[in-house]
Amino acid sequence: QVQLVESGGGLVQAGGSLRLSCAASGRTFSSGAMGWFRQAPGKEREFVAAISRFSASTAYADSVKGRFTISRDNAKNTVYLQMNSLKPEDTAIYYCAARTSYSTSSYTGGYDYWGQGTQVTVSS
């Protein structure tokens, strides 16, 4: 089992920045690629960004490309999501996810472990 705990969410004005962190514990050696997803009220959970096991490749949703950056520190078992130029439509609960495969995936079904989420609210 892998446990994931997100942190770093909060309230920010439009145009501001936040950095989310996701700390993994447990059988982290079995954790491959990592991803961030988000879910706004009344909407389905959607893909935000993903990073492969050794950071060789990353993937982003079109809506965040150029504004968000995903990174990871395997020595610390932590993945990050730097969010810049935030918009009100970025408001959502952000979830960290891990999968055993080393390659990235943009599908919720492709991930084996999920965190509890952290709220991000962007005011206009």
Side-chain angles (χ1 to χ4, degrees):
Q1 289 288 338
V2 175
Q3 291 78 43
L4 304 172
V5 178
E6 302 96 335
S7 62
L11 173 64
V12 64
Q13 288 188 333
S17 299
L18 282 175
R19 188 194 195 201
L20 304 183
S21 298
C22 173
S25 61
R27 296 185 63 184
T28 53
F29 63 83
S30 65
S31 176
M34 303 284 290
W36 286 97
F37 290 75
R38 67 187 182 186
Q39 187 166 18
K43 295 187 177 181
E44 293 188 352
R45 193 170 298 188
E46 65 175 6
F47 170 73
V48 175
I51 187 166
S52 60
R53 178 68 175 96
F54 298 107
S55 304
S57 65
T58 57
Y60 295 92
D62 288 342
S63 59
V64 306
K65 204 170 292 184
R67 300 188 297 122
F68 291 10
T69 302
I70 189 171
S71 61
R72 67 189 294 168
D73 184 339
N74 289 339
K76 296 181 179 180
N77 294 319
T78 301
V79 64
Y80 305 96
L81 184 68
Q82 178 66 44
M83 305 186 296
N84 298 328
S85 302
L86 283 162
K87 304 174 181 180
E89 50 263 44
D90 293 318
T91 295
I93 298 174
Y94 283 70
Y95 297 91
C96 173
R99 64 196 302 249
T100 53
S101 171
Y102 281 15
S103 60
T104 61
S105 173
S106 61
Y107 298 100
T108 56
Y111 289 81
D112 305 291
Y113 307 100
W114 292 85
Q116 293 300 307
T118 184
Q119 177 71 48
V120 171
T121 303
V122 184
S123 63
S124 57

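What you see is a predicted model; the values in this text were computed from it and never measured. Numbers for residues simply follow the sequence, beginning at 1.
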Contact between [X] and [Y] at the side-chain level, heavy atoms closer than 4.5 Å - yes or no?
X	Y	answer
Arg38	Lys43	no
Thr108	Phe47	no
Thr58	Thr104	no
Thr91	Gln119	yes

Exercise for the section: List the steps, then state whether side-chain contact (heavy atoms from CB on, under 4.5 Å) holds for Asn74 with Arg53. Expected result: CA-CA 8 Å; Asn74 289 339; Arg53 178 68 175 96; 3.0 Å; yes
Non-hydrogen atoms of [X] and [Y] that approach each other most closely:
X	Y	answer
Ala33	Ser52	CB-CA, 4.0 Å
Gly117	Ile93	CA-CG2, 3.8 Å
Gly9	Val120	CA-CG2, 4.1 Å
Ser106	Phe37	O-CE2, 3.8 Å

Practice task
Go through the steps for Met83 and Trp36 under the test side-chain contact (heavy atoms from CB on, under 4.5 Å), then give the verdict.
Solution key: CA-CA 12 Å; Met83 305 186 296; Trp36 286 97; over 6 Å; no
Practice task
Indicate the ring-plane relationship of Phe68 and Tyr94, choosing parallel, tilted or perpendicular according to the 30° and 60° boundaries.
Solution key: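 Answer is tilted, since the angle falls between 30° and 60°.
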Between [X] (side chain) and [Y] (backbone), is there a donor-acceptor pair under 3.5 Å?
X	Y	result
Tyr111	Ser105	yes
Ser85	Arg67	no
Gln13	Ser123	no
Gln82	Thr69	no

Problem - Separation of Ser71 OG from Met34 CE (nearest 0.5 Å) - result: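 Output value for this atom pair is 11.0 Å.
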Exercise for the section: Please round to the nearest 0.5 Å and tell me the distance separating atom CG of Leu81 and atom OG1 of Thr118. Expected result: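 Here the rounded value is 11.0 Å.
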Practice task
State whether the number of non-hydrogen atoms from other residues, nucleotides or ligands found under 6.0 Å of Gln116 atom CD is greater than 12.
Solution key: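 Incorrect, the count does not exceed 12.
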Handout entry: Greater than 12 external heavy atoms within 6.0 Å of Tyr107's OH
Key =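 At most 12 heavy atoms, drawn from other residues, nucleotides or ligands, come within 6.0 Å of this atom.
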Handout entry: Tyr80/Asp73 under side-chain contact (heavy atoms from CB on, under 4.5 Å): CA gap, chis, key distance, verdict
Key = CA-CA 8 Å; Tyr80 305 96; Asp73 184 339; 4.2 Å; yes
Grouping I, L, V, M, F, W and Y whenever their side-chain heavy atoms are under 4.5 Å apart, do [X] and [Y] come out in a common cluster?
X	Y	result
Val2	Ile51	yes
Leu86	Tyr95	no
Leu20	Val64	yes

Handout entry: Lys/Arg N to Asp/Glu carboxylate O, Lys87 vs Asp90, below 4.0 Å
Key =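 Looking at Asp90 together with Lys87, the answer is no, because their closest N to O distance does not fall below 4.0 Å.
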